[in-house]
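A short worksheet on the structure shown next.
Just so we're clear, the structure is a prediction, and the values are computed from it rather than from any experiment. Both ligands and their constituent atoms are indexed starting at 1 by order of listing.
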Amino acid sequence: MEIKIQKTAAPKQKPTDENNLGFGKIFTDHMFVMDYDPESGWHDARIVPYGDISLSPACAVFHYGAEIFEGLKAYRRADGGVQLFRPDANIERMNNSAERLCLPQLDPEFTLKALETYVELEQDWVPHTPGASLYLRPFLIGTDPFLGLHTIQKATFMIIASPSGNYYAEGLNPVKIMIEDEDVRAVRGGTGYAKCGGNYAASNRAGAKAEAKGFSQVLWLDGVERKYVEEVGSMNVMFKIDGEVVTPVLLGSVLPGVTRRSCIQLMKDWGMKVTERLISVEELFTAAKEGRLEEAWGTGTAAVISPIGMLSFKGESFVINDNKIGPTAQKLYDELTDIQWGRKDDPYNWIVKIDRK
Ligand code: COI
């Protein structure tokens, strides 16, 4: 399928202070759009000026949460070129999310071409400042304009982009996380593994409560026993206990993070012991009390590697690694960002270069 390109007649001023971009606040000049219906399949792929869209107020996305999304980044190399990190993994996950929500599947090859074509057009928006990148947000919505609860027939897929800095204001400084004991994010058989808007909407109440108490976000517990830690919502979590890295196993209620997957591979290749399993809060608190919990950190596309300096549960808190980033989190951050920004060779074939045409 051909991608039609309509360039904006009024390009926006690019941010002058790349050290204070924040996250997801500024948008580039264009957006990618394509539509789906059962008769034509995906059609009318186009890149058009960024702007508001018009939809029927009866659309399924507004009433029944028919929405999935992804997050990935375009990075500026020292030689001026631009590259993506594991876009194939995001496309694969988006199709898994689409399957769960009965939204139409994307053609992986065409979706990669769409990302490449879009980033190639917007490449002057990729920041030059270390640590800043162009955050890409592909999303897919159900657009059937009627109120019956039904599987989706019509859909729209879009990509927008935002030059962004750190997700957490703390940057690489440790964040304080509260373990949530009332609300739950997901249960097995639900949509926890899918990247759908509803999971995030359902997490807002607990997030607001945590923020009011001075925490950055919540760490979710499993929805059945309320005993095992799952994920933070904006990132997966990893703990180093007695020299071994443990991370919650993916049993359907945890998002299979691309950064999570990459970190596991890196640590295994460094010869570290990494185990994916159930981890109870009790185990964490006991390990912390006995001085065996050496490090904790989150992994995510937006958050990259975010050290956790304090965990709190039902009013009891413990500080981790003296509230400092630990050696494993630092090594992961360095290795990952070196590969992402092209400062190091990529032995894994994770990088897709976008060449200026
Ligand atoms: C990402 O890390 O890309 C996400 O989608 C998480 C979101 C809360 C910003």
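- With a 4.0 Å heavy-atom cut-off, ligand 1 is reached by the side chain of Lys195 but not by its N, CA, C or O.
- Considering Leu255, Leu103, Ile68 as possible partners of Cys196, the one that fulfils the side chain to side chain contact (heavy atoms under 4.5 Å, CB included) test is Ile68.
- Closest to atom 7 (C) of ligand 1 among all protein heavy atoms lies Arg137 NH2, 4.1 Å.
- Heavy atoms of Lys73 found under 4.0 angstrom from ligand 1: none, in either backbone or side chain.
- Atom 2 (O) of ligand 1 has as its closest protein heavy atom Ala302 N, 2.9 Å.
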(message) Glu180 vs Lys209, test: salt bridge (Lys or Arg N to Asp or Glu O under 4.0 Å). Steps then yes/no.
(response) CA-CA 9 Å; Glu180 171 61 26; Lys209 200 172 66 180; 3.2 Å; yes
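- Atom numbering of ligand 1 starts at 1 in the shown order; those under 4.0 Å from a heavy atom of Gly71 are 3 (O).
- At least one donor-acceptor pair under 3.5 Å links the side chain of Asp222 to the backbone N or O of Tyr228.
- Taking the six-membered ring where the residue is Trp, Tyr167 and Phe23 present perpendicular rings, their angle passing 60° and hence far from 30°.
- The distance from ligand 1 to the heavy atoms of Tyr167 drops below 4.0 Å at these ligand atoms: 8 (C), 9 (C).
- Side-chain atoms of Asp29 and Thr8 include no donor-acceptor pair closer than 3.5 Å.
- Of the options Phe23, Tyr135, Phe69, the smallest heavy-atom separation from atom 3 (O) of ligand 1 is shown by Tyr135.
- Open room surrounds CZ on Arg205; 12 or fewer heavy atoms of other groups in view lie less than 6.0 Å from it.
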